[in-house]
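Have a look at the structure below, then the notes.
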Protein chains: 2
Amino acid sequence: MQKKGLLHQVIQHLCCLPGVGPKTAQRMAFQLLQRNRDNAKALAEILLKALAEIGHCQQCRTLTEHTLCEICVDASRDTTTLCIVESPADVWTVDQATVFTGRYFVLHGHLSPLDGIGPDELGLDELERLLAKGEVKELILATNSTLEGDATAYFIGELATKHKVQASRLASGVPMGGELEFIDRGTLSHAFKGRRKIE
Amino acid sequence: MQKKGLLHQVIQHLCCLPGVGPKTAQRMAFQLLQRNRDNAKALAEILLKALAEIGHCQQCRTLTEHTLCEICVDASRDTTTLCIVESPADVWTVDQATVFTGRYFVLHGHLSPLDGIGPDELGLDELERLLAKGEVKELILATNSTLEGDATAYFIGELATKHKVQASRLASGVPMGGELEFIDRGTLSHAFKGRRKIE
Ligand SMILES: [Zn+2]
Ligand SMILES: [Zn+2]
C-alpha cells in the first residue's frame, strides 16, 4: 500500500472539498499530478493569491479583491433598493436568476445567539449607517427560507421600519414545477397561508 | 455580475478537476475562500509541494516523492511476480482489491502508435532490462480490458516469452453480480469464448 506520503496528503486535502469523497479525491489527485500538472500548478497559485487578496467589499461585504466590489462601483445599478442575502454565493444566485438591478448587502450568516452571532457580526451596524443616509428606499429581505433566515429577516425588517425604509420578504411557497405530492409539509402550509387572490 | 476577477479565476481552475462542473466549482470556491480558508491554503501548498517533488519510482515507474516507491522498498513483497498496469491509480486499485503481494510496473498509458506512444514511451526498454536480470518469473498483465489494453498486453506477452518469463492476463468476463441482461455484447462474447469447465 502506497497510502502514505505526499500523494496521500494531497488526497486528504482534496477530501475537504464539498461533495468530494475519498474515491473522487484519489481520482482528482492522480489527474492533477499526471495529466493535468499545468492546471494543478495554476490552481494552487491562484488559490494562494485569492486567499491573500480577496476580502470583503467595504460597502456590501461581499467577496472581492478590491475595496468596493463590481456591483457597488457599477454606476448603472439602482442605489435605492438593497437586497439582503446571507452569503456572497447568494449574490450570484439572485443576480443570475432575477432581473434585480439594485445593490446587495451580505450578512455572512444569520442571527444565531447561541453561536455568538448577533447584529454586529452580521454587519447590521453598517447597514443602519447606510439606511441612515436616506438613499435606500427599499430593502428586499432574501435570507434563506429557514427559521434562522426568517428570524433574521424579521429583525432587519424592524430596523427598516425604524429608518422609514420599506421592507419586503421573498415570497415563499410551492417551487415552480413542484408537484404538491412531493412538497414538504412546512412549505405547503406556508404556501397555503400565503395564498393570493387571483385577479 | 461579479464573474470577473480572482474569484472567477479560482472557479475556472476548479472546473478542470474531474467531475467538477461550473456549479460545483462555484460552491467549492466559496467554501474554500470563506469557511475553509485554512484547508484551502494547506491544499494549495501541498499541491505545489507534490508537483515539485513527486516523480516516478526508478524501478516500477509509479508516482512517488522518493527514488523508489514504498512497494519497491518493501522487503516483504514477492520479487518474482510483476503486475503490469497502465496507471499509478491502477496500482492502488489492484493492491486494495486483491491479495497480490508481488511488485508492479506502471506503463503510464498503452501502445498507441498514432499518438506516438510506442514501447519506449511505456518504459518497455526498462521492463526488458528488469526481465533480463532473471529474478522475475511471472508477469501478470493487468492492462485495461480495452482494444489498446489488450494489444499492449499481447505485445508485453511476447517480450515475456522472449525472456522465458511466464505471462498471464486478467480473466475477462461477466462481472460478479452482473446480470446477463445488462452486460454489453463484447463482454458477453468474451466471457462465452473464455468459458471454463466445471470440475
Ligand atoms: Zn459591494
Ligand atoms: Zn516502485
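Values reported hereafter were calculated over all heavy atoms of this structure, with side chains retained and with hydrogens, waters and symmetry mates removed. Because the structure is predicted, anything quoted here is derived from the model rather than measured. Every chain is numbered from 1 and lettered A, B, ... according to where its sequence line falls, protein lines coming before strand lines.
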Practice task
Against chain A, label B:His108 side chain, backbone, both or neither, depending on which of its atoms sit under 4.5 Å from a heavy atom there.
Solution key: side chain
According to a hydrophobic-cluster definition based on side-chain heavy atoms being under 4.5 Å apart (Ile, Leu, Val, Met, Phe, Trp, Tyr only), do [X] and [Y] belong together?
{"X": "A:Leu139", "Y": "A:Val94", "result": "no"}
{"X": "B:Val165", "Y": "B:Ile84", "result": "yes"}
{"X": "B:Met28", "Y": "A:Trp92", "result": "yes"}
{"X": "A:Leu159", "Y": "A:Ile140", "result": "no"}
{"X": "B:Phe155", "Y": "B:Ile117", "result": "yes"}

Practice task
Take atom CD of A:Glu135 as the centre, draw a 6.0 Å sphere, and report whether it contains more than 12 heavy atoms from other residues, nucleotides or ligands.
Solution key: no
Which value, rounded to the nearest 0.5 Å, describes the distance between [X] atom [atom1] and [Y] atom [atom2]?
{"X": "B:Leu14", "Y": "A:Ile46", "atom1": "CG", "atom2": "CD1", "result": "10.5 Å"}
{"X": "A:Leu33", "Y": "B:Glu65", "atom1": "CG", "atom2": "CD", "result": "10.5 Å"}
{"X": "B:Gln9", "Y": "A:Glu45", "atom1": "CD", "atom2": "CD", "result": "12.0 Å"}
{"X": "B:Glu70", "Y": "A:His8", "atom1": "CD", "atom2": "NE2", "result": "10.0 Å"}
{"X": "B:Leu63", "Y": "A:Leu7", "atom1": "CG", "atom2": "CG", "result": "6.0 Å"}
{"X": "A:His66", "Y": "B:Leu6", "atom1": "NE2", "atom2": "CG", "result": "7.5 Å"}

Completion exercise
Ranked by heavy-atom pairs below 4.5 Å to chain A, first place among B:Leu51, B:Leu17, B:Leu47, B:Val10 goes to B:Leu51
Practice task
Check A:Phe30 against B:Pro88 and note the closest heavy-atom contact, atom names and distance.
Solution key: CE2-CB, 3.6 Å
Fill in the blank from the handout: Closest heavy-atom pair, A:Gln31 versus B:Cys16, reported as atoms and distance to 0.1 Å, is OE1-O, 3.5 Å
Handout entry: Neighbourhood of chain B inside residues 37-44 of chain A, taking heavy atoms under 4.5 Å as contact
Key = A:Arg37, A:Asn39, A:Ala40, A:Lys41, A:Ala42, A:Leu43, A:Ala44
Completion exercise
Residues of residues 120-131 of chain B with a heavy atom under 4.5 Å from any heavy atom of chain A, in residue-number order, are none
Handout entry: Contacting region of A:Gln12 [heavy-atom separation from chain B under 4.5 Å]
Key = neither
